[in-house]
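Labels below follow one simple rule: chain letters A, B, ... track the order of the sequence lines, proteins then strands, and each chain is numbered from 1. Please read these numbers as outputs of a predicted model, since none were measured by experiment.
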Amino acid sequence: MFEARLVNSSTFRKVLDAIKDLLNEASFDCSENGIQLQAMDSSHVSLVSLNLKSDGFDKFRCDRNLTMGMNLTSLGKVFKCSGADDTVTMKAQDYADTVTFMFESKKQDKISDYEMKLMNLDQEHLGIPDTEFSCIIKMPSIEFARIIRDLSQFGESIVISCTKEGVKFSAQGDIGTGNVKLAQTHNFDKEEESVTIDLQEPVALTFACQYLNSFTKATPLSNQVKLSMCENVPLVVEYQIPELGHLRFYLAPKIEE
Amino acid sequence: ENPQQPIVNYFKNL
């Protein structure tokens, strides 16, 4: 028996919104530790990794490890039926081929349930090695989304270069060039507005705008985003989901020919 | 534009 209850169903809805551009379907691996998802986009260029801890749920029970393959368009339809303040309870029997989502309104005056068919997905799992990153940038997630959106107008790629002075985002194309520099700023009163850089050595890497833009769909999940970079290693774009876990995206740098 | 490297080139298939 699997049962997970989340008072803020909107958090799960935000997770779905964040990954549905990249993934059509995905397997949710449920265990006593929580719910994990790891999947590559259809072009096998980027990797999505979601971890929702069991103790972040308001109720969590998983008697037997369970992999639930879901069509994310269908799952999106189910969550469209929920209210913004609803509580969601997900339930599945052992070896079931369906999962049930029950939505309860705050006042408990409306309860709806939707049963969705599960899929058998043959998904590859990748082993992600521990990496000593050259630099780790933490910045407001809205600012990151804005910069990626703005610079995407100039070219198909963005260079992210990081030194002890700050981080620079650059793009160039037919119409010209764009550069955005951010200095480290520490706002002790408003931690979420800070830009912090943990630098081992300067690094400059090039990434495809298309994927960076997709990653920023996770902006509503978190005030801050963490970018981890190292030469010849995929970029990690991480959004912490308060009290529940994290959503990470991995993207390989473009290599100069 | 340089080709985008597949992520499987970096992480091991388990």
Results of salt bridge (charged side-chain N to carboxylate O under 4.0 Å, His left out) for R61(A) - residues two or more places apart only: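 D63(A).
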According to salt bridge (charged side-chain N to carboxylate O under 4.0 Å, His left out), who are the partners of K14(A), at least two apart in sequence or on a separate chain? none
Classify the side-chain pair Q36(A)/D29(A) by whether it contains a donor and acceptor separated by less than 3.5 Å. no
T163(A) side chain to E165(A) backbone, donor-acceptor under 3.5 Å: yes
If you look only at pairs with a residue in residues 31-43 of chain A, which of them pass as a salt bridge (charged side-chain N to carboxylate O under 4.0 Å, His left out), with sequence neighbours excluded? none
Thinking salt bridges, do R13(A) and D17(A) make one under a 4.0 Å N-O criterion? no
Please output the residues of residues 218-225 of chain A in contact with chain B, using a heavy-atom cutoff of under 4.5 Å, in numerical order.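 No residue falls under the 4.5 Å cut-off.
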